[in-house]
There are 2 protein chains.
Amino acid sequence: MVRNEMSECSSHIPLYSKIRDELRAHIFAGDTRPHEKMPSESELITKYGVSRITVRQALSELEKEGLLFKVAGKGSYVSKVKPFQGLGRLQGFAEAMSSHGYEVYNRVLSINLLSASPEIAKRLSLPEGSLISEIRRVRFLNREPVSVDVSYISSHIGERLVREDLGVRDIFHILENDYAISLGYADLTIDASLADTQQAELLQVDSGSPLLRVERLTHTLEGLPLVIEYLHYHADNFQLRLKIER
Amino acid sequence: MVRNEMSECSSHIPLYSKIRDELRAHIFAGDTRPHEKMPSESELITKYGVSRITVRQALSELEKEGLLFKVAGKGSYVSKVKPFQGLGRLQGFAEAMSSHGYEVYNRVLSINLLSASPEIAKRLSLPEGSLISEIRRVRFLNREPVSVDVSYISSHIGERLVREDLGVRDIFHILENDYAISLGYADLTIDASLADTQQAELLQVDSGSPLLRVERLTHTLEGLPLVIEYLHYHADNFQLRLKIER
DNA sequence: TACCATTACTTGTTATGACAAGTTATAAAC
DNA sequence: GTTTATAACTTGTCATAACAAGTAATGGTA
């Protein structure tokens, strides 16, 4: 068959990924709501003028991402998804989410310079009363707030971070690429809490809603504690996932 | 083309799933070690006598499972399994806690035989409506209730479990030592919820208290889903901890 | 020897075709 | 009217085919 018209574009982007991204955008935009039926394969074939194997690959990837599920003999349906962050590797929030096609944005609430509390100082192996930077942010996924994030890092690094664009970039990304600080591992402590008034307002939920609370202490490649974060996720909209070996 | 010989079997198991399962068993058995090259697509085509689309589907699913990765122009390679420390290991509750000196006790609330819901059936890769056993327990740590645990397992195994002493023994322990079923890995999904009336009473907390909710799907060493559990931890008394590598 | 082109592999992408099997609405039979 | 059979959808599975593109080894040329 003759080369398809859609591939006329100078870039060599596969057709299926273009279709996949377009369908995903539709889902994120809410054009097709959860549990509603997606266009059938034959409809997509005629709409995009491609073969069945191509639309199936697009749909298959969206299914793999958890955005839709298929029922044999009926069709594909948008699933009610909770976005999730995999804990298989140490990743920043934006890093993990944008690879799944999500739009990520951080609203910086405040950046303060203060002296480390005993708790923080101990975790970061700093002398008590050391100058540290406190960064308060709200994380948005597809324009919906999903977490309130408070980070503490030595002011020596924190003062440089102030000048960075924390609205779109991960702190992890800045540390590794701009500051050449290699990250090694993180210790996570996970539990749950109830949203207080301030958290509720920031996350646009009712006060007393369940929050997934994560304390993350990230270490450099050399094993030195670098940054400690207290993350409060809106549990109705977010999950953590991991695989563990026996 | 003539129907393939592999499909002569009375059961209507797809060819790709047969190939997928066989390759996965090879990987888990260590026949092909991490970073070693898997057979190429053409080798698998001749070996199994199927078309390329079929072996690609098998390989694609294994890639989705994280068991292998592909390099264009080179081949497929077995992924390295990242070892986890501490609570990153798949352990039964009693197994993990008693090694830390805690006194563990399980109160069995009920054991029911019922037909699998679509959700459960899908997770356990069983036909919808299959007979499964539901085991409801409350877990005690030093005589204080810490979690409500609902487990679902194929009735074929569940009916044997009824006769075991689930009050002190881990299901994991029974499966491995008494039934000789080797466990491989588990997929965990973590979020938070609020205690409903029943959960609150069982955990002796106020209704509406924050609960850490964990869904754990445990697989055999061969990679087949075995048991799915819904664990609700009393968040004030329990935390999950893990270490993540960059 | 160093470099480059060819070649022979690999996976990636896509088309076309076919039949199986699950679902649903319609029409025919009772 | 109720049931049943059929038709018309849907997704699932699989074969064959072709070309693109990435990788590596081989060989020939400068």
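Atom set for the values below is all heavy atoms of this structure, side chains included, hydrogens, waters and symmetry mates excluded. Everything numeric here is computed off the predicted structure, so don't read it as measured data. Order of the sequence lines sets the chain letters (A, B, ...), proteins ahead of strands, with each chain counted from 1.
dG22(D) atom C1' lies 12 Å from atom OH of Tyr77(B), rounded to whole Å. Rounded to whole Å, atom P of dT14(C) lies 16 Å from atom CD of Glu41(A). Between Ile13(A) atom CD1 and dA21(D) atom P the separation is 13 Å, expressed in whole Å. Regarding Lys37(A), its NZ atom lies at a distance of 18 Å from the P atom of dG22(C), rounded to whole Å. Per the geometry, CD1 belonging to Ile45(A) stands 13 Å off C1' belonging to dC9(D), to the nearest Å. In this structure, CG of Leu68(B) is placed 11 Å from P of dT11(C), rounded to the nearest angstrom. If you measure from atom NZ of Lys18(B) to atom C1' of dC14(D), you get 16 Å, rounded to the nearest angstrom. Per the geometry, OH belonging to Tyr48(A) stands 14 Å off P belonging to dT14(C), to the nearest Å.
Annotation: His35(B) is not in aromatic contact with Tyr77(B) [ring centroid separation under 6.0 Å not met]. Taking the six-membered ring wherever Trp is involved, the centroid distance between the rings of Tyr16(A) and Tyr48(A) does not fall below 6.0 Å.
A close approach under 4.0 Å does occur between a side-chain nitrogen or oxygen of Arg56(A) and OP1 or OP2 of dG12(D). Using a 4.0 Å cut-off, no side-chain N or O of Ser42(A) falls inside it from OP1 or OP2 of dC9(D). OP1 or OP2 of dT13(D) lies within a sub-4.0 Å distance of a side-chain N or O belonging to Tyr16(B). One finds a side-chain N or O of Lys74(A) lying less than 4.0 angstrom from the OP1 or OP2 phosphate oxygen of dT24(C). Proximity of Ser40(A) to the phosphate of dC9(D): no side-chain N or O atom is located under 4.0 Å from OP1 or OP2.
Distance from the side chain of Pro14(A) is smallest to dT13(C) among dT13(C), dT16(D), dG12(C). Comparing atom distances between the Gln57(A) side chain and each of dT13(D), dT13(C), dT11(C) picks out dT13(C) as nearest. With dC14(D), dG12(C), dT11(D) as the candidates, the nucleotide lying closest to the side chain of Ser76(A) is dT11(D).
A cation-pi arrangement, defined by a distance under 6.0 Å to the six-membered ring centre and an angle within 45 degrees of its axis, is present between Arg160(A) and Tyr179(A).
Nearer to the 5' terminus of DNA chain C, by closest-nucleotide assignment, is the contact made by Leu59(B) (compared with the other of Leu59(B) and Ser51(A)). In terms of position on DNA chain D, the residue among Lys70(A) and Ile53(A) whose nearest nucleotide sits closer to the 5' end is Lys70(A). Mapped onto DNA chain C by nearest heavy atom, Ser17(A) and Gly75(B) fall at different nucleotides, with Gly75(B) at the one closer to the 5' end.
A donor-acceptor contact shorter than 3.5 Å is absent between the side chain of Glu159(B) and the backbone of His156(B). Side-chain atoms of Glu95(A) come within 3.5 Å of backbone N or O of Gly92(A) as a donor-acceptor pair.
In the interface, the side chain of Arg52(B) is paired with the base of dT13(C) through a donor and an acceptor atom under 3.5 Å apart.
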